[in-house]
2 protein chains.
Amino acid sequence: MEQDVIPAPAAAQKGRPREFCVDQALAEALHVFWAKGYDGASMTDLTEAMGITKPSLYAAFGNKEALFHKALDLYEQEKLEYGRAALEQPTARKVAEYYLRGAIDVHGGTSDPKGCMGLISSLACSPEAESIKADVVRRRASSQRALVERFERAKAEGDIPAHVDAEGLTSVLYALLQGISVQAGAGATPAELERLVDTSMTLWPSP
Amino acid sequence: MEQDVIPAPAAAQKGRPREFCVDQALAEALHVFWAKGYDGASMTDLTEAMGITKPSLYAAFGNKEALFHKALDLYEQEKLEYGRAALEQPTARKVAEYYLRGAIDVHGGTSDPKGCMGLISSLACSPEAESIKADVVRRRASSQRALVERFERAKAEGDIPAHVDAEGLTSVLYALLQGISVQAGAGATPAELERLVDTSMTLWPSP
DNA sequence: CCTGTTCCATAACGGTCGGTATATAATGTG
DNA sequence: CACATTATATACCGACCGTTATGGAACAGG
């Protein structure tokens, strides 16, 4: 079958153009999921915040679950960027501190909802949200693995005492990050969270 | 108005006796709340697990929220007992280790649901469950205060270096406990959690 | 027995959930 | 203009939510 060369007008929309910005609507949806969790965010909550109707949402994003996965992508790109930057810090101590201070900024700030969106949406697991939880757990395991490798490199560089378990240390750091999110969500002030981080750093193993 | 002296037969039931054991039904309800969280546990889930009908539940416990508070009482009494025992350990290090190992037993075991019931029910906050969250936060703050006092005593006893912040250290320990619950809920094995605790203990400040 | 009280069982209440069918409005193309 | 295509708006779907009204069953006291 011969196929005509498509002029490729890049955005040749044939029908009626949509009246809202997909990216902006997704950002609003992210905010709702972040504040209420996957189960707690109703379609009415979402459509009202996004400023669109339900059919528009389904046409643009598929369904609630697909919308959440896209929102989680955006969340990781925009809000968990500090995790990638942390790995590039010169010493293990600075890696940890970058992580912890970043968590305070993102999860304890005032402009965004308190706490971690992944935690909020995955801890309470309604039966139909099991795939949501699996997605969050998978992403967390992936980034955790990168941190283990970073700490093993630090051990090789003499940056961390040889007797310290890199995997154990990673679990400890992640536990602290999760604790920061939990306490931020429970109403802890940034000052209290900084006290937590300051004390954590005094405990950090010196090379 | 003169009032007759009530013979007080202690359990003078006048009507038809109930056909189920309230304590046992409450224990079943606890299990459901623990596994699914407050919002995730439906009345149907609860009544089926408790082996009673909805009118029986309402007559015996009031409503869903009152049932949850009673279940939370039972949870604290039975499952968070180790928290009180931990405070009586001779040294701050042993207090912390008792806490952390206890958390693995309760939240990482196989007989009960994984994770912390309070966390699961309070992190995702549907608008009508705000009082649930407030109750959990209040109970946590109360027990956290007791731990701060214990660590301040430890500092006075030379058990913890003077330069360590007792409140900060308490926040750190609680963050670790919350992290243990989160990771247990995400599927971490007891061995992984023990690795977390072992590493935490190597970081613990020596007097 | 009868009455009062308490409990169980069924069924229903209004409301919200995620998801859609239908009809209409707005665009590009002939 | 007609036509195909796409987006919007309204109204609706069956299922489930927490809660309760109703009617009958089991007990104590008279």
Side-chain angles (χ1 to χ4, degrees), chain A residues 4 6-26 29 32-33 36-71 121 124-132, chain B residues 4 6-22 24-25 29 32-33 36-71 121 124-132:
Chain A
D4 293 340
I6 299 174
Q13 53 181 4
K14 273 187 297 186
R16 172 177 176 176
R18 65 160 48 97
E19 299 176 355
F20 64 95
C21 169
V22 175
D23 291 341
Q24 182 179 339
L26 182 60
V32 174
F33 279 131
K36 304 196 167 192
Y38 177 76
D39 286 314
S42 71
M43 293 301 294
T44 304
D45 292 332
L46 292 164
T47 52
E48 285 182 353
M50 299 165 82
I52 62 178
T53 60
K54 284 196 270 187
S56 297
L57 190 155
Y58 276 81
F61 299 100
N63 59 8
K64 185 184 178 182
E65 182 176 338
L67 175 63
F68 179 84
H69 289 300
K70 286 169 185 164
S121 295
C125 41
S126 92
E128 72 262 11
E130 206 64 38
S131 78
I132 301 295
Chain B
D4 292 341
I6 300 174
Q13 55 180 4
K14 274 187 296 187
R16 173 177 175 175
R18 64 160 49 98
E19 298 175 356
F20 64 95
C21 170
V22 176
Q24 182 180 337
V32 175
F33 279 131
K36 305 196 167 194
Y38 177 75
D39 286 315
S42 72
M43 295 300 293
T44 304
D45 292 332
L46 291 164
T47 52
E48 284 182 356
M50 299 164 82
I52 63 178
T53 60
K54 286 194 261 188
S56 297
L57 190 155
Y58 276 82
F61 301 100
N63 59 8
K64 186 183 178 184
E65 182 175 340
L67 175 62
F68 179 84
H69 289 300
K70 285 169 185 164
S121 295
C125 42
S126 91
E128 73 263 9
E130 206 63 38
S131 79
I132 302 294

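Keep in mind that what you see is a predicted model, and the values were worked out from it rather than measured. Numbers restart at 1 for each chain; the letters A, B, ... are given by sequence-line order, proteins then strands.
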Practice problem: Quick one: sort the B:Y38 and B:F68 rings into parallel, tilted or perpendicular, breaks at 30° and 60°. | Solution: perpendicular
Self-check item: Under the salt bridge (charged side-chain N to carboxylate O under 4.0 Å, His left out) test, residues paired with B:R16 that sit two or more places apart
Solution: B:E19
Distance in angstrom units between [X] [atom1] and [N] [atom2], rounded:
| X | N | atom1 | atom2 | value |
| --- | --- | --- | --- | --- |
| B:F61 | D:dT20 | CZ | P | 16 Å |
| B:D39 | D:dC17 | CG | C1' | 11 Å |
| A:L46 | C:dC17 | CG | P | 10 Å |
| B:D45 | D:dC17 | CG | P | 7 Å |
| B:L57 | D:dT20 | CG | P | 12 Å |
| B:E65 | D:dT19 | CD | C1' | 14 Å |
| B:K64 | D:dT20 | NZ | P | 14 Å |

Quiz item: Checking all strands, does B:A60 fall into the base, sugar-phosphate, or nothing category for heavy-atom contacts under 4.0 angstrom?
Solution: nothing
Quiz item: What's the closest nucleotide to the B:T44 side chain, out of D:dT20, D:dC17, C:dG18?
Solution: D:dC17
Practice problem: Report, as a single string ordered 5' to 3', how protein heavy atoms within less than 4.0 Å touch nucleotides 4-16 of chain D: B base, S sugar-phosphate only, - not at all. | Solution: -BBBSBB------
Quiz prompt | Distance, nearest 0.5 Å, that separates CD1 of B:I52 from CG of B:L46 | solution = 9.0 Å
Quiz item: Going through the checks in order, is the side-chain contact (heavy atoms from CB on, under 4.5 Å) test met by A:M50 and A:L26?
Solution: CA-CA 7 Å; A:M50 299 165 82; A:L26 182 60; 5.9 Å; no
Practice problem: Decide yes or no on side-chain contact (heavy atoms from CB on, under 4.5 Å) for B:F61 and B:K70, but give the supporting numbers first. | Solution: CA-CA 8 Å; B:F61 301 100; B:K70 285 169 185 164; 4.1 Å; yes
Exercise. Using the salt bridge (Lys or Arg N to Asp or Glu O under 4.0 Å) rule, collect all pairs that involve residues 42-52 of chain A, keeping only residues at least two apart or in two chains.
Key: A:K36-A:D45
